[in-house]
Amino acid sequence: FLEAFQLFNDQISIIKTNEQICYLLEIRSLLQNLKNVNKLLESTTSILYSFFEEKRMAYPRLFFLGDNDLCKIVNQPVDETSLTIILKLFTGIKKVEIKNNTIINVQDSLGGAIYFETPIPLGDELTTFLNSFEQLINTTNKDLLFKNKSKYNLKLIEVPTIMEQQIVLINWLNFYNMFLTSTQIIDVKKIVSQNIDLLSDINISVVKDIMKSNRDALLLNSITQRDIVQKTLDLEPFPEFYVFSLLKYEIYSSLNKNMDLSISIGHLNRSYGWEFIGQVERLVRTDLTERCFLTFAEGLAFGYGGAPFGPAGTGKTETVKEMGHSLGKAVIVFNCEEANDLENIGRLLTGVMGAGVWGCFDEFNRISFDALSSISQIIIGIQNIIKVNKTDDTLIKSELNGKPIVVSKLSALFITLNPASEEYTGRSKLPDNFKSMFRSFALIKPDLYSILKISLSCAGFKIEFSE
């Protein structure tokens, strides 16, 4: 680059001596020198992109940053200025607290925070810092849950934080499984109903936003729990398939004797993701939502993606985000448009699969049909890598189209689709080979009655629920 810079300045100096066109045309070396400048710049650009690729492979979430943002932070120690760009990679984190040049906590949009026992210092090289930062967040979330696992029983006496609500869910599932085949399951329903009354009685007009958010999230979960127990009582004979289809959490000891949390739904069994989700608006869970979760879980269990389709405003993207958050995963949403090409989408796919996050490509069929055909070959290649690998390793190192790629078995791909009709101009029909890679689910008409009842309860209204 310095060579190109110097050569270009030399030509400009020559031009400034006499700016007459006739004089410049007589300088035979001028055109060749400018061509040499162009070649040097092309070579510099190629080397720079290779450097970016190396950094992105070392920490795959960097694939989600544009070249301009990455250029600002890639070759300097991490400081407070670069953190504003780095936090774009963690959807739940909106702010960090820094003391003595170390990060002591991370915070969500409402100020809910987790504090690190060992603060992480600034000043490290970018990818070294990012790997340590993500690992520290995961470890801190895990420690918080297991240190407080006996703090909450089935019956609530206070509103727990978002992370502690995971304990409430686990305890409820333990009681549900314990009394599933006995008459005491009615007692579980009574306690959950009491929890709903306790939460509904909280005057949301006088509490802080973070308290209201915690209370709303727990109230949504409690209403879902009560409905599950009621459906279990209503189904005869024993609802084996219904229980099999529920989202379940279980604490277990891993191979290194550390405690961990597993999630199962249908045939899908995965470890909890431990991402810092923070305060997010939770989705009202209806029977339609639960069926959608089961469909996607079965697809993921057998190496496929999920594809909710339907008109705008039916909750396709929000359903994917809710399921991902329930599994402790970061859900990165990408808005697709016709200008997206193979290179652009391929880069994002590499990031999603390498980082072990969930990628949701919104309005995927806005991409041109020709680009979709090429993109399908990348996705087929990724899915084949996962299916062929039978080891217990979470990360798989392989090659795709002659390039190295890292694929995490914990990642997932989702696409949302609008109808390819006159009402939705610019939407393409998916190629046939694309449809076979995703488990589709129609979200045409939401269950507005159930959503309204539960939303009114969260807003403080007393609603008589019909049994």
Side-chain angles (χ1 to χ4, degrees), residues 52-53 56-57 59-70 85-94 273 275 277 280-281 283 296 299-300 304-310 312-325 327 329-383 400 405-408 410-418 420 424 426-428 430-431 434 437-441 443:
F52 284 172
E53 191 78 8
R56 283 168 169 150
M57 291 300 292
Y59 188 75
R61 289 197 195 203
L62 290 174
F63 280 102
F64 308 144
L65 284 183
D67 292 337
N68 289 339
D69 277 342
L70 186 56
I85 296 176
I86 288 171
L87 293 186
K88 294 178 183 180
L89 303 173
F90 301 89
T91 54
I93 302 175
K94 304 304 177 186
E275 183 81 15
I277 307 298
V280 292
E281 191 171 356
L283 192 72
F296 292 159
L300 293 177
Y304 298 97
F309 64 91
T314 51
K316 300 181 293 296
T317 304
E318 294 306 315
T319 299
V320 173
K321 289 167 69 175
E322 177 68 20
M323 183 176 177
H325 293 159
L327 273 67
K329 302 298 293 184
V331 181
I332 315 295
V333 179
F334 307 103
N335 296 312
C336 298
E337 54 188 33
E338 191 174 357
N340 290 133
D341 55 15
L342 175 63
E343 182 180 355
N344 177 256
I345 297 296
R347 189 177 75 176
L348 296 177
L349 287 171
T350 304
V352 168
M353 302 312 296
V357 299
W358 284 22
C360 180
F361 293 82
D362 204 19
E363 298 188 32
F364 193 71
N365 56 340
R366 291 183 66 180
I367 301 172
S368 68
F369 186 86
D370 291 340
L372 286 175
S373 298
S374 303
I375 293 166
S376 68
Q377 298 305 311
I378 297 179
I379 297 178
I380 288 172
I382 291 171
Q383 291 183 348
L400 186 63
I405 186 172
V406 177
V407 177
S408 171
L410 302 180
S411 56
L413 294 178
F414 293 86
I415 58 174
T416 71
L417 308 168
N418 290 133
Y424 296 92
R427 271 65 170 184
S428 308
L430 289 184
F434 223 111
M437 296 183 286
F438 293 88
R439 289 294 172 260
S440 301
F441 191 89
L443 289 170

Non-hydrogen atoms of G354 and S408 that approach each other most closely: O-CB, 4.5 Å
Shortest non-hydrogen contact from T314 toward L443: OG1-O, 3.0 Å
Between CG on residue L372 and CZ on residue R366, distance to nearest 0.5 Å: 12.5 Å
Spacing of CG belonging to L327 relative to CD belonging to E275, to within rounding of 0.5 Å: 12.5 Å
Gap separating the OG atom of S440 from the CD1 atom of I415, nearest 0.5 angstrom: 7.0 Å
Rounded distance (nearest 0.5 Å) linking atom CD1 of I375 with atom CD1 of I380: 12.0 Å
Flag, side chain of N344 to backbone of D341, donor-acceptor distance under 3.5 Å: no
From CA spacing to verdict: side-chain contact (heavy atoms from CB on, under 4.5 Å), F63, L348: CA-CA 6 Å; F63 280 102; L348 296 177; 5.7 Å; no
Pairwise ring pair (Phe, Tyr, Trp, His ring centres under 6.0 Å) hits with a residue in residues 333-353, at least two apart: F64-F334, F334-F361
Spatial distance of atom CD1 (I379) from atom CD (Q377) [nearest 0.5 Å]: 10.0 Å
Over all atoms of both residues, closest heavy-atom pair of R439 and F296: O-CE2, 3.6 Å
Main-chain N/O of G310 paired with N418 side-chain donor or acceptor, under 3.5 Å: yes
Exercise: identify the closest heavy-atom pair between K329 and G273: CD-CA, 3.9 Å
Shortest non-hydrogen separation from P308 to V320 and the atoms involved: CG-CG2, 4.1 Å
Any donor-acceptor N/O pair, T416 side chain to E363 backbone, under 3.5 Å: yes
Minimum heavy-atom distance between M353 and I382, given as atom pair plus value: CE-CG2, 3.5 Å
L62 CG to L89 CG distance, which is reported to the nearest 0.5 Å: 6.0 Å
Side chain K316, main chain G313, donor-acceptor under 3.5 Å: no
L417 vs F438 side-chain heavy atoms within contact, under 4.5 Å: no
side-chain contact (heavy atoms from CB on, under 4.5 Å) between R61 and F90, worked out: CA-CA 9 Å; R61 289 197 195 203; F90 301 89; 3.4 Å; yes
side-chain contact (heavy atoms from CB on, under 4.5 Å) between T317 and F414, intermediate numbers included: CA-CA 9 Å; T317 304; F414 293 86; over 6 Å; no
Sub-4.5 Å side-chain heavy-atom contact between L413 and M437: no
4.5 Å side-chain heavy-atom contact, T91 and V333: no
Charged N-O contact under 4.0 Å between K321 and E318: yes
Residues V357, V331; criterion side-chain contact (heavy atoms from CB on, under 4.5 Å); working and verdict: CA-CA 6 Å; V357 299; V331 181; over 6 Å; no
